[in-house]
Amino acid sequence: MRCAPNPNGPWHVGHARMPAVIGTYKDRYDGWFCVRFDDTDPETKRPDLEAYDAILEDLEYLGFEPDATYRASDRLETYYDHARKLIDMGGAYTCSCSGEEFSELKNDGNACPHREKDAETVLEEFEDMIAGVYDSGEMVLRVKTDIEHKNPALRDWVAFRMIDTPHPREEASGYRCWPMLDFQSAIDDHLIGITHIIRGIDLQDSAKRQGFLYDYFGWEYPEVVHWGHVQIDAYDVTMSTSTIAELIENGELDGWDDPRAPTLKSLRRRGIRGEAIVDAMTGLGTSTSDVDLAMSTIYANNRELIDEETDRRFLVRDGTEVPLGGSPPDEANPPLHPNHEDRGVRGIPAGDAVLLEPADLPDREGRIWLKGLGCFRYTRDALQYTGEDLDVVREGEVDVVHWVPAAESVPVRMRTMDGDVSGRAEPGVADLAADEMVQFERVGFARIDTPSGEADGSEAVLAYYAHP
RNA sequence: GCUCCGAUGGUGUAGUCCGGCCAAUCAUAUUGCCCUCUCACGGCAAUGACCAGGGUUCGAAUCCCUGUCGGAGCACCA
């Protein structure tokens with residue numbers, strides 16, 4: 001099987017579907033899969049030189065390693081050779097009709113005058129195309145199919161056209177005569193030995209178009225499955241590489257890994273495992289109708305992967321400072337993980353005042369349980385320690401909330417899909433290393449991106465929010 | 001206009017080929033209860049779907065027709 005991306009940027013979440021499915025099938029049925037960059041349009045779908053590696057990196061993040069990697073732009077001579085053979089068989093002709101002219105003839109089921117040229121002339125003109133004698137738009141090579149075919153989309157389609165703009169890859173920059181996807185892909189799929197093709201419904205007619213080529217060459221066409229488009233809820237930004245690139249260009253997004261961007265790099269930075277995405281994608285199956293993937297499915301998968309191994313911490317967002325009174329304990333020692341007492345506890349000094357999330361501030365004379373510390377009554381703008389037993393929590397009389405000391409907490413900047421959040425975390429968070437995951441209790445899972453003091457000019461720990 | 005394709009709960013999916021075991025599977029989401037010093041994890045429960053209408057049949061989610069809705073192609077894009 002193959003994954004044939006157009007290298008025009010790093011992958012968005014939807015791109016994960018192809019490797020997820022074919023990679024999973026490969027593992028299940030002892031198969032083989034390659035990545036083939038279909039970079040045969042240096043102009044309208046101009047490849048981005050950095051995208052080749054970016055895509056391979058995204059693939060690695062998802063947990064797959066291709067058995068081989070190809071670039072169509074390395075293989076022009078192969079395509080030319082097959083075109084020559086096709087011309088010899090009388091299966092193609094050079095055509096200088098304008099797109100409009102031809103389209104009109106074609107829609108009426110009429111052949112253009114160039115269709116009946118003899119193979120020799122066609123070959124000569126094709127060699128001129130390769131030599132770059134023509135300018136863009138002057139000449140194309142068409143595959144002779146059936147000009148009266150009931151589906152107009154299949155009638156005498158273009159196999160090669162002239163493009164004046166040089167290819168961005170230096171190795172391919174000399175070519176001017178480029179194959180269209182249907183020709184390139186058809187030849188490659190056979191030569192590479194692809195047995196099964198999965199592609200989008202936008203390419204529904206491709207197999208039928210390419211079938212004419214396979215018939216000329218006497219080849220057998222691979223099995224094809226078409227699937228619909230995937231949409232993902234939870235994002236304001238469209239899943240389109242060019243749209244995302246534009247938003248980055250004009251500064252609305254910080255980059256491909258901005259948490260608001262629906263890209264794999266973004267999910268990766270938030271600490272979501274590739275496996276969680278792959279499982280969600282394979283769960284979509286391969287139906288031909290369009291599907292909506294709920295981000296909550298990816299989150300649920302990820303939570304299952306990381307919950308047991310992720311330690312707990314406190315983070316208070318936009319904290320309100322409240323003084324403490326009544327001689328509470330000096331320090332709280334909640335466990336690092338409630339299901340794993342053996343991992344030990346964290347030490348959180350209480351100090352004279354704490355920060356609470358505004359929504360957690362109790363009503364006047366109301367009681368609240370600061371987790372790990374004890375029960376307090378909110379009186380005269382201060383929290384007075386009541387010394388009550390944990391039973392008040394067990395009885396459900398008092399709500400348990402998270403908190404941090406006002407003095408000894410560490411500043412945190414947490415980037416989320418909905419914008420940045422600033423807050424303060426318990427002291428231990430300052431010692432966490434980059435890439436560690438934490439669960440901020442009652443807030444959610446997050447990935448430590450940059451430890452305190454390491455970010456440029458910032459004392460704050462930089463974290464990326466993953467999900468609840 | 002011409003040509004393809006599709007339609008199962010909020011979302012995804014199984015079942016459709018070879019009609020009965022489907023008063024429809026599983027997951028996720030939502031709600032409630034239990035557990036818990038987290039609104040995490042875990043346990044239990046509830047809500048919730050075969051696009052519509054005809055036909056064939058003893059019997060239709062499954063086969064046929066029509067309609068409705070949705071998607072795609074008819075590019076010198078991929």
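Just so we're clear, the structure is a prediction, and the values are computed from it rather than from any experiment. Quick note on labels: first sequence line is chain A, next is B, and so on, each numbered from 1.
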5′-ward residue of the pair T44(A)/T286(A) relative to RNA chain B: T286(A)

Sugar-phosphate, base or nothing in reach of F102(A), heavy atoms under 4.0 Å: nothing

N/O (side chain, R161(A)) to phosphate O (OP1/OP2, C77(B)) under 4.0 Å: yes

Results of side chain to side chain donor-acceptor pair (under 3.5 Å) for R115(A) - residues two or more places apart only: D156(A)

Under-4.0 Å side-chain N/O to phosphate OP1/OP2 contact, K106(A) with C2(B): no

Gap between atoms CD and P, on E395(A) and U36(B) respectively (whole Å): 11 Å

Pairwise salt bridge (charged side-chain N to carboxylate O under 4.0 Å, His left out) hits with a residue in residues 158-168 of chain A, at least two apart: D41(A)-R161(A)

Distance, P atom - from U30(B) to G55(B), rounded to whole angstrom: 44 Å

Rounded interatomic separation in angstrom, taking CG from D205(A) and C1' from A78(B): 15 Å

N or O in side chain of S98(A) less than 4.0 angstrom from C76(B) OP1/OP2: no

For R169(A), salt bridge (charged side-chain N to carboxylate O under 4.0 Å, His left out) partners two or more places apart: D74(A), E171(A)

Touch class at under 4.0 angstrom, heavy-atom based, for S287(A) against every strand present: sugar-phosphate

Touch class at under 4.0 angstrom, heavy-atom based, for L203(A) against every strand present: base

Touch class at under 4.0 angstrom, heavy-atom based, for M139(A) against every strand present: nothing

Selection residues 327-342 of chain A - residue pairs positive for salt bridge (charged side-chain N to carboxylate O under 4.0 Å, His left out), sequence neighbours left out: none

Watson-Crick or G-U pairs under 3.5 Å in RNA chain B, rendered as dot-bracket with [ ] for crossing pairs and | for another strand: (((((((..(((.......[.....))).(((((.......)))))....(((((..]....))))))))))))....

Position toward the 5' end of RNA chain B (nearest nucleotide), R209(A) or D39(A): R209(A)

Sugar-phosphate only, base, or nothing, as touched by E308(A) at under 4.0 Å among non-hydrogen atoms: sugar-phosphate

H229(A), nearest nucleotide to its side chain (from A78(B), C2(B), G71(B)): G71(B)

Exercise: do Y175(A) and E77(A) side chains pair donor with acceptor under 3.5 Å: yes

Sugar-phosphate only, base, or nothing, as touched by S103(A) at under 4.0 Å among non-hydrogen atoms: sugar-phosphate

Step-by-step ring-ring contact (aromatic ring centres under 6.0 Å, His included) determination, H114(A) to Y93(A): CA-CA 7 Å; H114(A) 312 109; Y93(A) 59 97; 7.5 Å; no

Centroid separation F160(A) to F183(A) less than 6.0 Å: yes

Ion pair D435(A)/R447(A), N-O distance below 4.0 Å: yes

RNA chain B contacts made by residues 338-348 of chain A, counting heavy atoms under 4.0 Å: P338(A), N339(A)

Check: W178(A) and Q184(A) side chains under 4.5 Å, non-hydrogen atoms: no

Atom-pair distance (CG on N151(A); C1' on C5(B)), nearest Å: 12 Å

Contact list for residues 393-406 of chain A, test salt bridge (charged side-chain N to carboxylate O under 4.0 Å, His left out), sequence neighbours left out: R367(A)-E397(A), D391(A)-R394(A)

Between C33(B) and G73(B) - P atom distance, rounded Å: 50 Å

Any donor-acceptor N/O pair under 3.5 Å between C77(B) base and K45(A) side chain: yes

Within 45° cone of W227(A) ring axis and under 6.0 Å: R17(A) NZ or CZ: yes

Of all pairs that satisfy salt bridge (charged side-chain N to carboxylate O under 4.0 Å, His left out), the ones with a partner from residues 223-242 of chain A, not counting sequence neighbours: none

Sugar-phosphate only, base, or nothing, as touched by G228(A) at under 4.0 Å among non-hydrogen atoms: nothing

Sidechain N-carboxylate O distance under 4.0 Å for K117(A), E125(A): yes

Side chain of R312(A) - closest among A75(B), G73(B), A40(B): A40(B)

Electrostatic pair E441(A):R312(A) at N-O distance under 4.0 angstrom: no

K150(A) side-chain N/O to C4(B) phosphate OP1/OP2 under 4.0 Å: yes

Touch class at under 4.0 angstrom, heavy-atom based, for C375(A) against every strand present: nothing

Between A40(B) (P) and Q439(A) (CD): distance, integer Å: 9 Å

Distance in angstrom units between N110(A) CG and C74(B) P, rounded: 20 Å

Interatomic distance where NE2 belongs to H402(A) and P belongs to C37(B) [whole Å]: 18 Å

Atom pairs under 3.5 Å, N or O on each side, protein against nucleotides 6-9 of chain B: can you list them with distances?
{"unit_1": "G6(B)", "atom_1": "O2'", "unit_2": "S289(A)", "atom_2": "OG", "d": "3.3"}

Residues E100(A) and S98(A): side-chain donor-acceptor under 3.5 angstrom: no

Distance in Å, I22(A) CD1 paired with I197(A) CD1, rounded so as to fall on 0.5 Å steps: 11.0 Å

Sugar-phosphate, base or nothing in reach of N6(A), heavy atoms under 4.0 Å: sugar-phosphate

Touch class at under 4.0 angstrom, heavy-atom based, for V140(A) against every strand present: base

Charged tip of R142(A) within 45° of F102(A) ring normal and under 6.0 Å: yes

Spacing of I368(A) atom CD1 relative to U38(B) atom C1', expressed in whole Å: 13 Å

Phosphate OP1/OP2 of U36(B): any R394(A) side-chain N/O under 4.0 Å: no

R75(A): partners by salt bridge (charged side-chain N to carboxylate O under 4.0 Å, His left out), with sequence neighbours left out: D188(A)

Every protein N/O within reach of nucleotides 43-50 of chain B N/O, cut-off under 3.5 Å:
none

Per-nucleotide protein contact string for nucleotides 26-35 of chain B, where B marks a base within reach and S marks sugar-phosphate only (heavy atoms under 4.0 Å, - for neither): --SS------

C1'-based separation of A23(B) from U36(B) [nearest Å]: 39 Å

Residues R273(A) and E309(A) bridged, charged N to O under 4.0 Å: yes

d(OH, Y93(A); P, C76(B)) in whole Å: 11 Å

L284(A) side-chain proximity, nearest of U3(B), G12(B), C76(B): G12(B)

